[in-house]
Visitor: 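I'd like to ask some things about the structure below.
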Amino acid sequence: MTALIEIASPATGGRPRKGAGGRWGMLLLPAVVLLAVLFLVPLGLMTWRSVTEPTPGWGNYSWFLTSDVALATLVRTLTVGAVVTLVTLVLSYPYAYLMTVVGARARIWLTLLVLLPFWTSLMVRTFAWVVLLQDSGVVNQLLGTVGLGPLHLIRTPAGVVIGMSQVLMPFMVLPLYAVMSSIDRRLLDAAQGMGARPFVAFLRVFVPLSLPGVGAGALTVFITSLGFYITPALLGSPDQALISQQIFTQVNGLLAWGRGGAMGVVLLAVTLVLLGLVGVVLRFTRSRNRGGAR
């Protein structure tokens, strides 16, 4: 760890000053302690309970892997997370691109619109969607005026996706904008100067360069969506509950801490496996692009 944060000193000819890395490393101590107390300790306790309550053994994991309801809930949670990630990406990509081409004043307003949800309570935003998505709500009234409604949106997976996408959209826009704003737009001019049409130049040059932002935003949105509770609970149906709701029912309603802990550990394991697969794909794509460039 200290090797990563050593600093070079001009007085020593560019060599790291002895002990400088250790002093700077002390700055990491509060964050490490906070992470251990608020994440590692509760995770360890839940893992321990998953193999000790109500009796020691792997009974809770056996129950989860043989329960059709539990497995269906896990698949539903992953599916909703993937759909929400796709929806936020489709909506956020043009928005983030627009932020890179407008003037400074317009960019400020677009940034404020992205940050505005962070200044509003999640509970308030979700209850607002409850009102908007009612059968007689504003959304259905607007759909009715264009001949597309009314639709049953509340207490459905579609309503859950709408609410979660609105909440998580800033987590997709900001990484995309951070990467897009660093792309040299002269590369697009060069591609067009070599005969490429603007849309082809955008697809062949700009989009590949923006993929790191796509990956960062997609991972953030997907992982965050897996643990959502309030939005699915208020906008969704009990018959279509996500795994966070099932964990709450097991722990708070049935006092089955072992089963709740097993569900949480399985969700964490599945998430880590998916992250590992995404990392392998990204490394393969990066190495392939480098090989093609050579």
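Throughout, residue positions are numbered sequentially from 1 according to the sequence presented. Note that this is a predicted model, so its numbers are computed, not measured.
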Visitor: Looking at S181, is its backbone amide N or carbonyl O close enough to the side chain of T100 to form a donor-acceptor pair, meaning the two atoms are under 3.5 Å apart?
Guide: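 Such a contact is absent between T100 side chain and S181 backbone.
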Visitor: How long is the span from the CZ atom in R107 to the CG atom in L112, to the nearest 0.5 Å?
Guide: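 Output value for this atom pair is 13.0 Å.
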Visitor: Linking I/L/V/M/F/W/Y whenever their side-chain heavy atoms sit closer than 4.5 Å, directly or via other members, would V102 and L174 fall into one cluster?
Guide: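 Both belong to a single hydrophobic cluster.
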Visitor: Could you walk me through whether V200 and R197 pass the side chain to side chain contact (heavy atoms under 4.5 Å, CB included) test, one step at a time?
Guide: CA-CA 5 Å; V200 174; R197 289 176 295 178; 4.0 Å; yes
Visitor: Mind checking whether L43 and F39 have side chains closer than 4.5 Å, heavy atoms only?
Guide: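 A side-chain contact under 4.5 Å exists here.
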Visitor: Please name the pair of heavy atoms, one in V114 and one in Y95, separated by the smallest distance, quoted to 0.1 Å.
Guide: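 Heavy-atom minimum between the residues: CG2-CE2, 3.3 Å.
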Visitor: In Å, rounded to the nearest 0.5 Å, how long is the span from CG of L226 to OG1 of T77?
Guide: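 Separation between the atoms: 7.0 Å.
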Visitor: Mind checking whether L234 and L133 sit in one hydrophobic cluster, side chains of I, L, V, M, F, W, Y counted as touching below 4.5 Å?
Guide: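 Hydrophobic grouping puts L234 with L133.
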Visitor: For Q240 and R76, which I'm curious about, is there any donor-acceptor pair between the side chains at under 3.5 Å?
Guide: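 Yes.
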Visitor: Between P175 and P170, what is the shortest heavy-atom contact and its length?
Guide: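 Shortest heavy-atom separation between P175 and P170 comes out as CD-O, 4.2 Å.
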Visitor: If you compare all heavy atoms of G163 against all heavy atoms of L235, which two are closest, and at what distance to 0.1 Å?
Guide: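 Looking at all heavy atoms of both residues, the closest pair is CA-CD1, 3.8 Å.
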Visitor: Any link between M172 and V90 through a network of hydrophobic side chains (Ile, Leu, Val, Met, Phe, Trp, Tyr) touching at under 4.5 Å?
Guide: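 Shared cluster, no.
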Visitor: For F118, is the CZ atom crowded, meaning more than 12 foreign heavy atoms sit under 6.0 Å from it?
Guide: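 Yes, the 6.0 Å shell around CZ holds more than 12 heavy atoms from other groups.
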Visitor: Got a sec, which residues hit ring-ring contact (aromatic ring centres under 6.0 Å, His included) with W58, two or more places apart in sequence or on another chain?
Guide: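 Counting only residues at least two positions away or on another chain, W58 forms a ring-ring contact (aromatic ring centres under 6.0 Å, His included) with Y61.
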Visitor: Verify side chain to side chain contact (heavy atoms under 4.5 Å, CB included) between L275 and I223, making sure each step is shown before the conclusion.
Guide: CA-CA 9 Å; L275 285 177; I223 293 175; 3.5 Å; yes
Visitor: Restricting to non-hydrogen atoms, name the atom on V37 and the atom on V41 that form the minimum distance, rounded to 0.1 Å.
Guide: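 It is O-CB, 3.8 Å.
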Visitor: Quick check on R185: does its CZ atom have over 12 non-hydrogen neighbours (other residues, nucleotides or ligands) under 6.0 Å away?
Guide: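 Counting neighbours around CZ of R185, more than 12 heavy atoms of other residues, nucleotides or ligands fall under 6.0 Å, so yes.
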Visitor: Measure the spacing between CH2 of W63 and CG of N60 and express it to the nearest 0.5 Å.
Guide: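 Reported to 0.5 Å precision, the distance equals 8.0 Å.
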Visitor: Show the nearest heavy-atom pair for residues R186 and D184, with the distance to one decimal.
Guide: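 Answer, listing the atom of R186 first, then D184: NH2-OD2, 2.9 Å.
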Visitor: So Y97 and F206, would you call those rings parallel, tilted or perpendicular, with 30° and 60° as cut-offs?
Guide: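 Perpendicular: the ring planes of Y97 and F206 meet at over 60°.
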Visitor: Pick out which of L142, L143, D135 makes a side-chain contact (heavy atoms from CB on, under 4.5 Å) with V139.
Guide: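 So, applying the side-chain contact (heavy atoms from CB on, under 4.5 Å) to V139 and each of L142, L143, D135, only L143 qualifies.
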Visitor: Any side-chain heavy-atom pair from L168 and T85 closer than 4.5 angstrom?
Guide: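 No; the side chains remain at least 4.5 Å from each other.
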Visitor: Verify, without hydrogens or angle tests, whether S225 (side chain) and F222 (backbone) share a donor-acceptor contact under 3.5 angstrom.
Guide: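 The answer is yes, because a donor-acceptor pair under 3.5 Å joins these two groups.
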Visitor: Kindly work out whether a path of hydrophobic side-chain contacts (I/L/V/M/F/W/Y, heavy atoms less than 4.5 Å apart) joins M164 to V87.
Guide: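 Yes, it is one cluster - the side chains of M164 and V87 are joined through contacts under 4.5 Å.
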Visitor: Mind checking whether L86 and L277 sit in one hydrophobic cluster, side chains of I, L, V, M, F, W, Y counted as touching below 4.5 Å?
Guide: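 The answer is no; the residues belong to distinct hydrophobic clusters.
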Visitor: Are the side chain of Q245 and the backbone N or O of P238 linked by a donor-acceptor pair below 3.5 Å?
Guide: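 The answer is no, because no donor-acceptor pair under 3.5 Å joins these two groups.
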Visitor: Rounded to the nearest 0.5 Å, what separates atom CG in L132 from atom CG in N140?
Guide: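 With rounding to 0.5 Å, CG (L132) is 10.5 Å from CG (N140).
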Visitor: Do other residues, nucleotides or ligands put more than 12 heavy atoms under 6.0 Å from D68 CG?
Guide: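 No, the 6.0 Å shell around CG holds no more than 12 heavy atoms from other groups.
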Visitor: Hey, what do you get for CZ (F64) to OG (S50), rounding to the nearest 0.5 Å?
Guide: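 Interatomic distance, F64 CZ to S50 OG, rounded to 0.5 Å: 12.0 Å.
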Visitor: Using side chain to side chain contact (heavy atoms under 4.5 Å, CB included), reason through V84 and V221 one step at a time and then give a plain yes or no.
Guide: CA-CA 8 Å; V84 170; V221 171; 4.2 Å; yes
Visitor: Where the side chain of Q250 meets the backbone of I247, is there a donor-acceptor pair that is under 3.5 Å apart?
Guide: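 No, the answer is negative, given that no donor and acceptor are paired below the 3.5 Å cut-off.
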Visitor: Could you list the donor-acceptor pairs under 3.5 angstrom formed by side chains in residues 252-270, with sequence neighbours left out?
Guide:
none

Visitor: Taking it one step at a time, do M99 and T111 satisfy side chain to side chain contact (heavy atoms under 4.5 Å, CB included)?
Guide: CA-CA 8 Å; M99 292 176 64; T111 304; 3.4 Å; yes
Visitor: If you take the centroid of each ring, where Trp contributes its six-membered ring, are Y93 and Y177 closer together than 6.0 Å?
Guide: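 No, the ring of Y177 stays outside the 6.0 Å limit from the ring of Y93, centre to centre.
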